[in-house]
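Atoms considered below: every heavy atom in the structure, side chains included; atoms not considered: hydrogens, waters and symmetry mates. A note on names: the letters A, B, ... follow the listed sequences, proteins ahead of strands, and every chain is numbered from 1.
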Protein chains: 2
Amino acid sequence: MTATPLRLDDFLPYRLSVTSNLVSDHVAGAYRSLFGLSVPEWRLVAVLAEADGLSQAAIGERTRMDKVSVSRAARALEGRGLVTRLADARDARARALSLTDAGRGLHALVAPRAKAMEAAIFACLDPAEATQLKVLLARVEASLTAADPTAGSAADKK
Amino acid sequence: MTATPLRLDDFLPYRLSVTSNLVSDHVAGAYRSLFGLSVPEWRLVAVLAEADGLSQAAIGERTRMDKVSVSRAARALEGRGLVTRLADARDARARALSLTDAGRGLHALVAPRAKAMEAAIFACLDPAEATQLKVLLARVEASLTAADPTAGSAADKK
DNA sequence: TGATATTGGTATCAACTGAAACCATTTGTG
DNA sequence: CACAAATGGTTTCAGTTGATACCAATATCA
């Protein structure tokens with residue numbers, strides 16, 4: 001028996017990559033043109049709005065960005081007066097990141113816009129389908145990180 | 001009423017990006033270490049195995065890669081003796097790409113491996129779910145490309 | 001306590017990517 | 001036919017990215 005030939009169009013890693021890039025480009029363009037934010041910067045703002053005072057390492061873990069990206073985004077945002085990076089009293093190496101008032105203001109501006117974009121992009125799915133999509137993606141992600149614990153983490157590679 | 005706050009972990013563009021990057025990295029690492037192929041190169045081989053003799057522009061359309069990436073991948077593969085690029089008799093600008101025997105041989109090696117990886121990565125989904133995932137992704141992709149016809153195409157920008 | 005390994009964060013560098021400029025050819029269109 | 005516009009491909013260049021090396025501070029442990 002011949003194995004069914006591989007059709008690129010049916011190949012899930014390919015499909016996933018194409019769709020994801022399409023969405024990313026779309027969203028990234030909006031952040032950039034409307035707010036001058038890169039995606040890493042936006043992620044940082046978003047996560048700090050949820051949990052203030054995180055260290056860069058903690059942010060890296062939550063957002064699955066590597067520490068170099070976090071560092072760059074953090075400095076850029078600090079330069080724009082959107083976040084502060086206070087020395088941590090307990091650990092002189094670490095810096096606790098917080099949104100400034102300006103940062104909080106920006107977040108208040110960006111967040112609704114982001115939700116609107118999400119709604120627009122995924123308007124082609126009904127709510128149950130959108131949930132289903134999230135669930136499936138989460139399962140894939142979990143299984144993949146379980147298989148390779150070092151994958152995508154911000155932890156130093158051995 | 002206060003809008004529900006944006007939780008990054010629930011934000012679909014973010015989820016999609018994280019999962020896709022995880023899968024991509026996983027797969028790309030395998031292509032590279034096992035066969036010395038980059039993802040663009042692998043896509044080119046895969047698409048030529050399905051339809052031989054395509055022009056680079058046609059490949060770009062099918063794989064959603066821009067023409068620079070296609071050009072680079074094509075030249076790299078030609079350099080390795082995996083594809084030929086014959087001058088098209090009808091259009092002296094175009095080149096018809098074909099897999100050489102070696103290219104075909106490599107594809108015969110890579111394809112099963114790719115399918116096995118796909119199976120392993122998505123083993124956490126039952127077949128119906130995998131299909132559902134493809135369907136949902138395709139819908140998102142279609143709606144997004146309909147909204148912005150220039151997105152992701154290899155066509156020259158105006 | 002000192003030696004060693006770890007960890008938070010930054011700097012550096014090489015690779016990848018895509019936009020724009022470019023060349024050569026082909027396709028309109030008068 | 002001639003000339004503008006469009007198309008296939010390549011080159012160039014600038015921006016982004018992540019691996020690696022690195023520095024400083026902390027943790028571990030004899």
Side-chain angles (χ1 to χ4, degrees), chain A residues 17-18 21-22 24-25 28-29 31-33 36-44 53-79 83 85-97 150-158, chain B residues 17 21-22 24-26 28-29 31-33 36-44 53-79 83 85-97 150-158:
Chain A
S17 164
V18 167
N21 289 342
L22 219 46
S24 277
D25 289 355
Y31 293 152
R32 156 98 29 230
S33 65
L37 287 174
S38 70
V39 167
E41 286 163 16
W42 152 244
R43 285 185 184 175
L44 227 152
L54 295 175
S55 70
Q56 295 188 182
I59 292 172
E61 236 170 272
R62 292 205 181 202
T63 60
R64 294 201 155 285
M65 297 194 287
D66 82 37
K67 56 187 192 168
V68 179
S69 308
V70 174
S71 175
R72 281 195 271 247
R75 289 162 71 78
L77 293 172
E78 183 184 37
V83 313
R85 309 199 297 155
L86 299 157
D88 183 326
R90 299 166 174 278
D91 186 336
R93 295 166 302 180
R95 291 150 166 287
L97 305 210
T150 72
S153 83
D156 286 352
K157 309 300 162 56
K158 67 143 179 325
Chain B
S17 163
N21 289 341
L22 219 46
S24 277
D25 289 354
H26 193 82
Y31 293 152
R32 158 104 20 237
S33 65
L37 288 175
S38 70
V39 168
E41 286 163 16
W42 152 243
R43 285 186 184 175
L44 228 152
L54 296 176
S55 71
Q56 294 187 182
I59 292 171
E61 236 170 89
R62 292 205 181 202
T63 59
R64 295 199 155 286
M65 298 195 286
D66 81 37
K67 57 186 189 170
V68 180
S69 308
V70 175
S71 175
R72 282 195 270 246
R75 288 163 72 77
L77 292 171
E78 185 184 35
V83 312
R85 308 199 297 156
L86 299 158
D88 183 326
R90 299 164 175 279
D91 185 336
R93 298 165 300 180
R95 291 150 168 287
L97 306 210
T150 74
S153 84
D156 285 352
K157 309 300 161 57
K158 64 139 186 329

Selection from [options] that lies nearest to any side-chain heavy atom of [X]:
X	options	value
B:Arg93	D:dT7, C:dG8, D:dT26	D:dT7
B:Pro40	C:dG18, D:dG9, C:dT17	C:dT17
A:Ser71	D:dA6, D:dT26, C:dT10	C:dT10

Between A:Ala89 and A:Arg32, who's closer to the 5' end of DNA chain D by nearest nucleotide? A:Arg32
Residue pair A:Arg90/B:Ser55 against DNA chain D: nearer the 5' end by closest nucleotide is B:Ser55
Take atom [atom1] of [X] and atom [atom2] of [N], then tell me their distance rounded to the nearest Å.
X	N	atom1	atom2	result
A:Lys67	D:dC22	NZ	P	14 Å
A:Asp66	D:dT16	CG	C1'	12 Å
B:Leu97	D:dT10	CG	C1'	14 Å
A:Asn21	C:dG18	CG	P	8 Å
B:Asp25	D:dT17	CG	C1'	11 Å
B:Asp88	C:dT27	CG	P	10 Å
B:Met65	D:dT10	CE	P	13 Å
B:Arg85	D:dG8	CZ	C1'	11 Å

So which atom in A:Glu41 and which in A:Ala76 form the shortest heavy-atom distance, rounded to 0.1 Å? OE2-CB, 3.4 Å
Restricting to non-hydrogen atoms, name the atom on A:Val83 and the atom on A:Ala74 that form the minimum distance, rounded to 0.1 Å. CG2-O, 3.9 Å
So, OP1 or OP2 of C:dT7: does either fall under 4.0 Å of a side-chain N or O from A:Gln56? no
If you compare every side-chain N and O of A:Ser69 against the phosphate oxygens of D:dG18 (OP1, OP2), does one of them come in below 4.0 Å? yes
Taking donor-acceptor contacts at under 3.5 Å, does the side chain of B:Arg72 reach the base of C:dG18? yes
Nearest-nucleotide 5' precedence on DNA chain C, A:Val68 against A:Asp91: A:Asp91
Looking only at side chains, do B:Ser17 and A:Arg43 share a donor and an acceptor under 3.5 Å apart? yes
Between B:Asp91 and B:Arg93, does any side-chain N to carboxylate O distance fall below 4.0 Å? yes
Mind checking if A:Ser38 touches a base, just sugar-phosphate, or nothing, with heavy atoms under 4.0 Å? nothing
Answer whether the closest heavy-atom distance between the side chains of A:Leu37 and A:Leu77 falls below 4.5 Å. yes
